[in-house]
Novice: 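I'd like to ask some things about the structure below.
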There are 2 protein chains.
Amino acid sequence: MTIRLQISEKLRHRIESGDLQALAAIPSERELAQQLGVSRMTVRGAIDDLVNEGLLIRRQGRKTVVSDEKISRGAGFTSFSEEMRMRGWQPRSEVRQATTMQADVAIAAQLGIHTGARVILIERVRFADDEPLAFERVYLPHTRFQAILALDLANASLYDLLEREFGTRPVYAEESVEAVLMSSTEAHIFGLEPGTPALLTRRVTRDEQDTLIEAATTLYRGDRYRMVLARHR
Amino acid sequence: MTIRLQISEKLRHRIESGDLQALAAIPSERELAQQLGVSRMTVRGAIDDLVNEGLLIRRQGRKTVVSDEKISRGAGFTSFSEEMRMRGWQPRSEVRQATTMQADVAIAAQLGIHTGARVILIERVRFADDEPLAFERVYLPHTRFQAILALDLANASLYDLLEREFGTRPVYAEESVEAVLMSSTEAHIFGLEPGTPALLTRRVTRDEQDTLIEAATTLYRGDRYRMVLARHR
DNA sequence: CAGTGGTCTAGACCACTGA
DNA sequence: CAGTGGTCTAGACCACTGA
C-alpha cells in the first residue's frame, strides 16, 4: 500500500462520508503535505487519482473542490453488481452452470492458453430488482482460479471474489458491443419472444500484471437495458 | 508546451514512424533523462502518458517496450471518419438534410437551450467502403455554429470542421448504447428488411470549456457494425 | 548481480486566481 | 498581492527481473 494510495483513500472516505460536501474545498496541497508529513508531489499524486475518477475538480490558481456531478464512471470498470447498485437497482444472480471444461479454439485464443486446456465456465442469469436483465457466460483459466467453483457465485460479484479470494484485480478490459436478435433458447431465459433485440458484449479482462484473467460474453435484453459510457478526449 | 509533452510526442513519433518497432525496448528512464538533459521524473511522466494510451508496456525490473497490440483507442474519442480509417475502411457521407429548425423539448434539454430556440440539424448516411453503415442525426446550437451550413458536410468529419472553422474541440461525451429493431424507414436507408437489429447510440458532447456543443444519435446496422471499447481500472 | 521501473523527498520557479 | 495548482529538478531507496 503506497502512501499515495493511503492518502487518496483517506480523501475518498472524507468525500463519500459527507465530511467534505459537494463544491467544498479540500486543504491545499502544501497544507496536506505538511499535515501528513509527506512531500507535496505525493499529495498531488493522490489528488490526481481522485480528479481522474471525477471526485475532485482542480483548477490552477483556485482551491481544489469536491465535484458536484453524480457519476461519470460509465467509461470505467464496473461489475454488473456495481453497475446495478449505481442505478439504484438490486442485483441478484442465478447460476445456471459452474463447471470445468476444455477450451475450444476460440476460448483458448481469447484467454491466451492452449486449445484443450482446462477452463472454468460460469453461466449466470443476472437480475435487477428480480427481473432477468442479462445472461452472462464467463471463462476463467482453470489453473489459477480452480477454487472459485467452491464459492457462492449467486450472491457475489465475480470481481469481488477474484479480488478477495485470489488477490487479483481486473484493471483493463477490451469489449465489443453489437446488436443481435435473441435465439429461442436465449429468449426463453428472459421469458421473451425469439427475435427480441439484445445487446451482446464480448469482453476480455486483464489484471495489474496485464495477465488475461477472464473472457466473457453478456447478452442484455434490448427492451430494458441501455449501456452508458463516458468518453474523454 | 511542457517538457513532458515534448518528450512523449518525440517518443510517439519514433514509434509511429517505425523507428521503434513493436516489442522493441526504449532506452531506460535514466538514459533518456541524461540524453535529454531533464530529470527522470519528467521522463516518467511522458512515458506514463504513452503507457496510458497503450503505446508502451512497462513492467518493473524489465525494460519498457513498444506495445504490439493494434489499437485500443475505442474508449477515447473518435469521429466516425477517424474510426473507419483506423479499421482500414474508406469513410464517406451522404447528406440527407442540413437545415435550421426549432428545438423541441427533448433536444432543448439535451443541448441546454430553451425550447423553441433555433438549432441546426444535420442528417447523414455514413458509408464505409461504399456500403451504408450508419445513419446519423446531429443537432448543434444555431447561434454558435450557423456558418456550418455553408460548408461541405459530405466529405468532412464534423469534428474536424468544428475544430478548423470554429476552434472548438470535442473532448468529453456521454453516450448511451442500446439494441433496437429498424423501422421500415430506417431499414430502407440501408436496403435492409424492417426488424433488422441495430445499435442506437445517443451522444451529448462538450468542448474544453465544458460547453455543450452537440447532441447526436447514430443508428448502426447490427449485421455489419460492432462497437469496440477499451475500459480501464 | 547490475539494471530496471516504482515510489518518494524537499525543494524550486511558474501561471493563474481572486481579494 | 498572497495563495493556489502546474511543472520540474536531482537526488534517494525499494522491489523486481534476468543473466
Side-chain angles (χ1 to χ4, degrees), chain A residues 1-12 14-15 20 23-68 167-169 171-172 206-211 232-233, chain B residues 1-11 14-15 20 23-68 171 208-210 232-233:
Chain A
M1 185 67 134
T2 60
I3 301 179
R4 169 175 177 155
L5 265 175
Q6 290 172 43
I7 295 174
S8 63
E9 301 240 313
K10 192 175 298 188
L11 281 172
R12 186 186 292 107
R14 289 186 59 185
I15 294 167
L20 287 165
L23 298 185
I26 68 171
S28 79
E29 296 170 357
R30 287 166 180 85
E31 248 177 289
L32 281 171
Q34 210 204 331
Q35 281 173 23
L36 302 168
V38 301
S39 127
R40 188 182 149 215
M41 285 296 274
T42 304
V43 170
R44 274 189 69 77
I47 293 178
D48 279 345
D49 293 340
L50 300 177
V51 168
N52 286 333
E53 283 180 40
L55 274 177
L56 291 178
I57 300 170
R58 206 155 43 173
R59 242 173 286 221
Q60 188 172 9
R62 299 202 210 168
K63 305 216 70 174
T64 296
V65 155
V66 176
S67 168
D68 62 338
T168 187
R169 215 164 70 88
V171 295
Y172 177 73
R206 293 168 188 270
D207 66 9
E208 276 145 329
Q209 281 74 48
D210 213 36
T211 308
H232 292 275
R233 184 164 288 190
Chain B
M1 185 67 133
T2 60
I3 301 179
R4 167 176 179 156
L5 263 175
Q6 289 172 43
I7 295 174
S8 63
E9 301 241 313
K10 192 174 298 185
L11 282 171
R14 288 186 60 185
I15 294 166
L20 287 165
L23 298 185
I26 67 170
S28 79
E29 296 170 356
R30 288 167 180 84
E31 249 177 289
L32 281 171
Q34 210 205 330
Q35 281 173 22
L36 303 169
V38 302
S39 128
R40 187 181 151 215
M41 286 296 273
T42 304
V43 170
R44 274 189 69 77
I47 293 177
D48 279 345
D49 294 340
L50 299 177
V51 168
N52 285 333
E53 282 178 41
L55 275 177
L56 291 177
I57 299 171
R58 205 155 43 173
R59 241 172 287 217
Q60 188 172 11
R62 299 202 209 168
K63 305 215 69 174
T64 296
V65 154
V66 176
S67 167
D68 62 336
V171 293
E208 276 147 329
Q209 281 74 48
D210 212 36
H232 291 275
R233 182 158 290 190

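Residue numbering restarts at 1 for every chain, and letters A, B, ... go by the order of the sequence lines.
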Novice: Does D:dC8 have a Watson-Crick or wobble mate here (both distances under 3.5 Å), and if so which one?
Specialist: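 Its partner is C:dG11 (Watson-Crick or G-U wobble, both distances under 3.5 Å).
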
Novice: Quickly work out the A:Gln34 CD to C:dA10 P distance and round it to whole Å.
Specialist: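 My rounded result for the distance is 12 Å.
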
Novice: Taking any heavy-atom pair under 4.0 Å as a contact, classify B:Arg59: base, sugar-phosphate, or nothing.
Specialist: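 Sugar-phosphate, no base atom in range.
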
Novice: Given that A:Met41 and A:Arg62 both sit by DNA chain D, which one's nearest nucleotide is further toward the 5' end?
Specialist: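 In this pair, the answer is A:Arg62.
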
Novice: Look at all strands and tell whether B:Arg4 reaches a base, only sugar-phosphate, or nothing, counting heavy atoms closer than 4.0 Å.
Specialist: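 Sugar-phosphate: the residue B:Arg4, judged by heavy atoms under 4.0 Å, touches backbone atoms but no base.
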
Novice: When you look at CD of A:Gln34, are more than 12 heavy atoms from neighbouring residues, nucleotides or ligands closer to it than 6.0 Å?
Specialist: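 Counting neighbours around CD of A:Gln34, 12 or fewer heavy atoms of other residues, nucleotides or ligands fall under 6.0 Å, so no.
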
Novice: Ignoring backbone atoms, test whether B:Ser39 places a side-chain nitrogen or oxygen under 4.0 Å from the OP1 or OP2 oxygen of D:dA10.
Specialist: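 Answer is no, no contact under 4.0 Å.
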
Novice: Please report the distance, rounded to the nearest Å, between CZ in A:Arg40 and P in D:dT9.
Specialist: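 Nearest whole value for this atom pair: 15 Å.
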
Novice: Should D:dG18 form a Watson-Crick or G-U wobble pair with both distances under 3.5 Å, which nucleotide is its partner?
Specialist: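 Pair assignment: D:dG18 / C:dC1.
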
Novice: Atom CG of B:Leu56 and atom C1' of C:dG5: how far apart are they, to the nearest Å?
Specialist: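 After rounding, the gap between these two atoms is 13 Å.
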
Novice: Write down the distance between CG (A:Leu5) and P (C:dG6), rounded to a whole number of angstrom.
Specialist: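 Interatomic distance, CG of A:Leu5 to P of C:dG6: 14 Å.
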
Novice: Rounded off to whole Å, could you give me the CD-to-P distance for the A:Glu31 and D:dA2 pair?
Specialist: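 A:Glu31 atom CD is separated from D:dA2 atom P by 17 Å.
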
Novice: Can you tell me if B:Thr42 touches the phosphate of D:dT9, counting only side-chain N or O atoms and a distance under 4.0 Å to OP1 or OP2?
Specialist: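 So the side-chain polar atoms of B:Thr42 do come within 4.0 Å of the phosphate oxygens OP1 or OP2 of D:dT9, strictly under.
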
Novice: Rounded to the Å, how far apart are A:Leu36 CG and C:dC8 P?
Specialist: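 That distance rounds to 12 Å.
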
Novice: What is the separation between atom CD1 on A:Ile47 and atom P on D:dT7, rounded to the nearest whole Å?
Specialist: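 In whole Å, D:dT7 P and A:Ile47 CD1 are 14 Å from each other.
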
Novice: Would you kindly give the CD-to-C1' distance between B:Gln60 and D:dC16, to the nearest whole Å?
Specialist: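 Value for this atom pair: 5 Å.
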
Novice: Answer yes or no: is there a side-chain heavy-atom contact under 4.5 Å between B:Leu50 and B:Thr64?
Specialist: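 Side chain of B:Leu50 against side chain of B:Thr64, heavy atoms only: no contact under 4.5 Å found.
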
Novice: Do the side chains of B:Ile47 and B:Leu32 get nearer than 4.5 Å, heavy atoms only?
Specialist: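 SC-SC contact between B:Leu32 and B:Ile47 confirmed.
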
Novice: Name the nucleic acid region contacted by B:Ile3, choosing base, sugar-phosphate or nothing; use a 4.0 angstrom heavy-atom cut-off, strictly under.
Specialist: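 It contacts sugar-phosphate atoms only.
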
Novice: Kindly check if the number of other-residue, nucleotide or ligand heavy atoms within 6.0 Å of CZ (B:Arg59) is above 12?
Specialist: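 More than 12 heavy atoms, drawn from other residues, nucleotides or ligands, come within 6.0 Å of this atom.
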
Novice: What is the distance from atom NZ of B:Lys10 to atom CZ of B:Arg14, rounded to the nearest 0.5 Å?
Specialist: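 One finds 9.5 Å between NZ of B:Lys10 and CZ of B:Arg14.
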
Novice: Could you tell me whether the phosphate oxygens of C:dG6, OP1 or OP2, come under 4.0 Å of any side-chain nitrogen or oxygen in B:Arg58?
Specialist: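 It does, given that an N or O in the side chain of B:Arg58 lies less than 4.0 Å from OP1 or OP2 of C:dG6.
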
Novice: Is any N or O donor-acceptor pair between the side chain of A:Arg30 and the base of D:dG5 shorter than 3.5 Å?
Specialist: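 Present.
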
Novice: Please compare B:Ile26 and A:Met1 by the position of their nearest nucleotide in DNA chain C and report the one closer to 5'.
Specialist: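 Per heavy-atom nearest nucleotide, the more 5' residue is B:Ile26.
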
Novice: May I ask you to evaluate whether B:Arg44 reaches the phosphate of C:dG6, defined as a side-chain N or O under 4.0 Å from OP1 or OP2?
Specialist: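 For C:dG6, OP1 or OP2 has a side-chain N or O of B:Arg44 closer than 4.0 Å.
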
